[in-house]
Peer 1: 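Here it is: the structure, laid out below.
The analysis underlying the following values was restricted to heavy atoms, covering all of them including side chains, and did not include hydrogens, waters or symmetry mates.
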Amino acid sequence: MAAPISAKIKCLFCRIARGEEQTKIIHKDDNVVVFSDIHPAAKHHHLIVPLQHIDSPKTIATEHIPLVETMVEVGTAILKEQGGDPADMKLGFHWPPFTTISHLHMHAISPVSEMGFIQRAIYRDNSLWFVTADWLLNHLKSKKE
């Protein structure tokens, strides 16, 4: 679901993607931009953000499956490049209303084994507030059938 122009102008992640904010960009391509989370849950904690403004994982549709797959591929590659351990990583999305920014973004976190108690709760797999990338992809694919 595309956002109105006013939302795109005001959205922090849209401004970061356009280079209007003082944020160190780790990666940018035709689909996504990647930068570090300002409140990291582990040594490597990056946000993979689509350039297209999409409100949240709750509002995406089956047509966004390739985008989510790209986000997973990029997130995994960035964690590897930055020294993260693919065997000890977490890829996922906060589920509304437990989001602080209304722009789809995936958390890529490693090493999960070094996350503290609070971080483990905040990023708990498939809870009411956080879903894994695998869960989201399976959910979208089940809608397609």
Side-chain angles (χ1 to χ4, degrees), residues 1-4 7-8 10-18 21-145:
M1 172 190 300
K8 293 178 187 178
K10 294 177 184 176
C11 174
L12 175 62
F13 287 174
C14 286
R15 292 194 321 263
I16 290 171
R18 290 191 304 263
E21 294 290 327
Q22 297 267 335
T23 302
K24 182 182 176 203
I25 302 297
I26 296 169
H27 170 87
K28 186 173 182 181
D29 61 31
D30 293 338
N31 299 305
V32 298
V33 63
V34 180
F35 49 91
S36 295
D37 193 296
I38 61 170
H39 300 292
K43 183 177 178 181
H44 305 283
H45 186 165
H46 309 296
L47 300 180
I48 295 73
V49 179
L51 299 181
Q52 174 189 2
H53 185 96
I54 301 168
D55 287 339
S56 75
K58 195 173 184 178
T59 61
I60 62 176
T62 57
E63 69 203 40
H64 295 108
I65 290 172
L67 173 63
V68 176
E69 290 172 337
T70 296
M71 293 171 77
V72 168
E73 291 168 11
V74 170
T76 302
I78 294 297
L79 282 177
K80 286 179 187 175
E81 288 172 16
Q82 298 288 317
D85 180 359
D88 192 19
M89 73 175 183
K90 180 181 295 274
L91 301 173
F93 303 83
H94 282 292
W95 198 261
F98 303 99
T99 54
T100 54
I101 305 273
S102 291
H103 185 127
L104 181 68
H105 58 284
M106 185 182 76
H107 293 264
I109 305 169
S110 180
V112 173
S113 60
E114 295 180 13
M115 290 171 60
F117 176 78
I118 300 295
Q119 288 83 10
R120 286 179 188 271
I122 293 170
Y123 298 98
R124 192 172 105 204
D125 289 357
N126 306 326
S127 57
L128 292 174
W129 53 88
F130 187 82
V131 299
T132 64
D134 286 340
W135 182 92
L136 183 59
L137 284 167
N138 289 333
H139 175 70
L140 290 171
K141 289 173 183 174
S142 73
K143 285 181 170 182
K144 208 173 181 180
E145 296 169 352

Peer 1: So does Pro50 get a backbone contact from the side chain of His103, meaning a donor-acceptor N/O pair under 3.5 Å?
Peer 2: yes
Peer 1: Is any side-chain heavy atom of Leu12 less than 4.5 Å from a side-chain heavy atom of Arg15?
Peer 2: yes
Peer 1: If we count only N and O atoms by modelled type, under 3.5 Å, do the side chains of Ser113 and Asp88 hold a donor and an acceptor together?
Peer 2: yes
Peer 1: Assess the residue pair Ile16 and Val49 against the criterion (side chain to side chain contact (heavy atoms under 4.5 Å, CB included)); give the C-alpha distance rounded to whole Å, side-chain angles, the decisive distance to 0.1 Å, and a yes or no.
Peer 2: CA-CA 10 Å; Ile16 290 171; Val49 179; over 6 Å; no
Peer 1: Check for a donor-acceptor pair, side chain of His45 on one end and backbone N or O of Ser110 on the other, with a separation under 3.5 Å.
Peer 2: no
Peer 1: Would you please test Ile26 and Ile78 for side chain to side chain contact (heavy atoms under 4.5 Å, CB included) and show each step?
Peer 2: CA-CA 8 Å; Ile26 296 169; Ile78 294 297; 4.0 Å; yes
Peer 1: Less than 6.0 angstrom separating the ring centers of Phe35 and His27, yes or no?
Peer 2: no
Peer 1: Measuring from atom CE of Met115 to atom CD1 of Ile122, what distance do you get when rounded to the nearest 0.5 angstrom?
Peer 2: 8.0 Å
Peer 1: Apply side chain to side chain contact (heavy atoms under 4.5 Å, CB included) to residues Thr23 and Val33 and explain how you reach the verdict.
Peer 2: CA-CA 11 Å; Thr23 302; Val33 63; over 6 Å; no
Peer 1: Just how far is it from atom CD1 of Ile109 to atom NZ of Lys43, taken to the nearest 0.5 Å?
Peer 2: 15.5 Å
Peer 1: Side-chain contact, heavy-atom cut-off 4.5 Å: Trp135 with Trp95?
Peer 2: yes
Peer 1: To the nearest 0.5 Å, tell me how far Asp55 CG sits from Cys11 SG.
Peer 2: 8.5 Å
Peer 1: Checking the side chain of Ser127 only, and the main-chain atoms of Phe130 only, is there a donor and an acceptor separated by less than 3.5 Å?
Peer 2: yes
Peer 1: Of the non-hydrogen atoms in Ala133 and Met106, which two are nearest, and what is the gap between them?
Peer 2: CB-SD, 4.0 Å
Peer 1: Are Met89 and Pro111 packed together at the side-chain level, in the sense that at least one heavy-atom pair is separated by less than 4.5 angstrom?
Peer 2: no
Peer 1: Any donor and acceptor pair, going by atom type alone, linking the side chain of Thr76 with main-chain N or O of Glu73 inside 3.5 Å?
Peer 2: no
Peer 1: Hey, does Asp30 have a side-chain heavy atom less than 4.5 Å from the side chain of Leu51?
Peer 2: no
Peer 1: Go through the steps for Val68 and Phe93 under the test side chain to side chain contact (heavy atoms under 4.5 Å, CB included), then give the verdict.
Peer 2: CA-CA 11 Å; Val68 176; Phe93 303 83; 4.2 Å; yes
Peer 1: Nearest 0.5 Å please: distance from the CD atom of Glu21 over to the SG atom of Cys14.
Peer 2: 11.0 Å
Peer 1: Would you call the rings of His94 and Tyr123 parallel, tilted or perpendicular, where under 30° means parallel and over 60° means perpendicular?
Peer 2: tilted
Peer 1: If the test is side-chain contact (heavy atoms from CB on, under 4.5 Å), which one of Val112, Thr132, Leu79 qualifies with Lys90?
Peer 2: Val112
Peer 1: Mark yes or no for whether Thr59, through its side chain, and Ser56, through its backbone, hold a donor-acceptor pair below 3.5 Å.
Peer 2: yes
Peer 1: Kindly compute the distance separating CD (Glu69) from CG (Leu140), expressed to the nearest 0.5 Å.
Peer 2: 9.5 Å
Peer 1: Rounded to the nearest 0.5 Å, what separation is found between the NE2 atom of His105 and the CD1 atom of Ile54?
Peer 2: 13.0 Å
Peer 1: Ring centres under 6.0 Å, that's the criterion: do His107 and His46 meet it?
Peer 2: no
Peer 1: Does Ala61 offer a backbone N or O that forms a donor-acceptor pair with the side chain of His64 under 3.5 Å?
Peer 2: yes
Peer 1: Find out whether Leu104 and Pro57 are in side-chain contact, i.e. whether some heavy atom of one side chain is under 4.5 Å from a heavy atom of the other.
Peer 2: yes
